2 protein chains.
Amino acid sequence: MSTLPTSIKTEEENAKIVGLLKEKGLSVTLPRKLILALLIKEHGPFSAEDIFKKLPKNACDQATIYRCLNQFIETQLVTSAYLEKDMAHFEFNDPHHHHHHIICKICKKIDSFHDCILDKIESTLVKKGYKDIQHRLEFFGVCGSCQKS
Amino acid sequence: MSTLPTSIKTEEENAKIVGLLKEKGLSVTLPRKLILALLIKEHGPFSAEDIFKKLPKNACDQATIYRCLNQFIETQLVTSAYLEKDMAHFEFNDPHHHHHHIICKICKKIDSFHDCILDKIESTLVKKGYKDIQHRLEFFGVCGSCQKS
DNA sequence: TTATTTTTGCAAACTACTTGCAAAAGCTCC
DNA sequence: GGAGCTTTTGCAAGTAGTTTGCAAAAATAA
Ligand SMILES: [Mn+2]
Ligand SMILES: [Mn+2]
Ligand SMILES: [Zn+2]
Ligand SMILES: [Zn+2]
């Protein structure tokens, strides 16, 4: 029986997390395991501060959380969004559960849905009772000239 | 012949800008006119710093630019997006030219297109030569319970 | 284990953005 | 146009999310 960090309960869970990290070429460290385990277990999106508060006390430094999240973004283990002004939110990037969010402009409650066609989504949201709906959609990719260099 | 700020060239342009501000219940001040005129003339998206640099020297303070942009967002005269990490970008919200952006992950060049269906957009982008495409889509609205209060 | 590389914690720095306050500009009504 | 009231601006200081330099600690490789 190997030693596991408190918040990772089973060997399978541990194996999954270690597998994901290694797959992406990241070394297996305790902070990385804890953060990834948290994001897999609890569905976000979470701010860096949310994550810090949810981790066991003194589990790791805030700077480490930011460093890990940036590595997870680069390796596409997590996705980020700017749902509120000036603060990024993160969640585990489960390719089988691609979805999007709607945040209330007033109370900031975050809801999610799995549709991915704009018209369909907007009518889904109207049915859910939302008013004054706007969306923000951005694409990111590598352009032709950057692929050459 | 009334006095116009240097960067607003014609009476029509001036009238349009004044009209837009009044329509939204905003008083007509020089900084607001200059910023809005710039965003209408040059197609963004621009960061607050971009705007500051593009305005005539000492035209207005950075704080004023942020204040104006926030008012323009609230009144939906402009839209904002987080195309790069930690920095908002703004552009004039022309309802007849609704469009979205793609930014190269490497060189940060921003391209735009007018399609608004995800599958169609992605294939348009592939034809344009982009690789490794991701998107980020968020909706914002007022939820049912907030409409009551 | 030992040597090498990577990551972490800590504290300080950075930067986009906001805010308090007094002066200036805009608006309203005469 | 001018008086009086309201709103906005410039300035400087402050805030908050995020990053970074460095030495110690942990992970990986041999
Ligand atoms: Mn989600
Ligand atoms: Mn645009
Ligand atoms: Zn709400
Ligand atoms: Zn590029």
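If you're wondering where the values come from, they're calculated on a predicted model, not measured in any experiment. Side chains included, hydrogens not; waters and symmetry mates left out as well; all remaining heavy atoms used. Chain identifiers are assigned alphabetically (A, B, ...) following the order of the sequence lines, protein sequences preceding nucleic acid strands; residue numbering begins at 1 within each chain.
- On a pure distance criterion of 3.5 Å, no polar donor-acceptor pair joins the side chain of B:Arg32 and the base of C:dG26.
- Taking the six-membered ring for Trp, A:Phe139 and B:Tyr130 have ring centres at least 6.0 Å apart.
- The separation between B:Leu30 atom CG and D:dT7 atom P is 20 Å, rounded to whole Å.
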- [ ] Apply side-chain contact (heavy atoms from CB on, under 4.5 Å) to B:Phe92 and B:Leu36, showing your working.
- [x] CA-CA 8 Å; B:Phe92 180 60; B:Leu36 191 53; 4.1 Å; yes
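- A:Leu55 has its CG atom 12 Å from the P atom of C:dT8, to the nearest Å.
- One can place CZ of B:Phe52 at 11 Å from C1' of D:dG10, the figure rounded to the nearest angstrom.
- Between B:Leu21 atom CG and C:dG26 atom P the separation is 12 Å, expressed in whole Å.
- Side-chain nitrogen and oxygen atoms of A:Thr29 include at least one within less than 4.0 Å of the OP1 or OP2 phosphate oxygen of C:dT8.
- Between A:Tyr66 and the phosphate of D:dT18, there is a side-chain N or O to OP1/OP2 separation shorter than 4.0 Å.
- The side chain of B:Asn70 places no N or O atom within less than 4.0 Å of a non-bridging phosphate oxygen (OP1 or OP2) of C:dC17.
- With 3.5 Å as the limit, one finds a donor-acceptor pair spanning the side chains of B:Lys105 and B:Gln134.
- Across the protein-nucleic acid pair, B:Met87 atom CE and C:dT15 atom P stand 12 Å apart, rounded to whole Å.
- Side-chain atoms of A:Cys68 lie closest to C:dT8 of the nucleotides C:dG26, C:dT8, C:dT18.
- Each of D:dA12, C:dC17, D:dT7 was ranked by its minimum atom distance to the side chain of B:Tyr82; first place goes to C:dC17.
- Heavy-atom distances to DNA chain D give each of B:Asp86 and B:Arg67 a nearest nucleotide, and the one nearer the 5′ end belongs to B:Arg67.
- Comparing B:Ser47 and B:Val28 by the nucleotide of DNA chain C that holds the closest heavy atom to each, the one mapping nearer the 5' end is B:Ser47.
- Contact annotation for A:Asp61: base contact, defined as any heavy-atom pair under 4.0 Å involving a base atom.
- As a whole-Å value, the separation of A:Lys33 NZ from C:dT8 P is 13 Å.
- Checked against a 6.0 Å centroid threshold, the rings of B:His96 and B:His98 do not count as neighbours.
- Distance, B:Gln62 CD to C:dT18 P: 12 Å, rounded to whole Å.
- Distance, B:Asp50 CG to C:dA16 C1': 13 Å, rounded to whole Å.
- Looking at which nucleotide of DNA chain C each of B:Lys22 and B:Ala48 is closest to, the 5′-most match is held by B:Ala48.
- Regarding contacts with the backbone of C:dT18, a side-chain N or O of A:Lys85 is found under 4.0 angstrom from either OP1 or OP2.
- Contact annotation: B:Thr64 reaches the phosphate of D:dG10 (side-chain N/O to OP1 or OP2, under 4.0 Å).
- Note that CD1 of B:Ile51 is 10.5 Å distant from CD of B:Gln62, once rounded to the nearest 0.5 Å.
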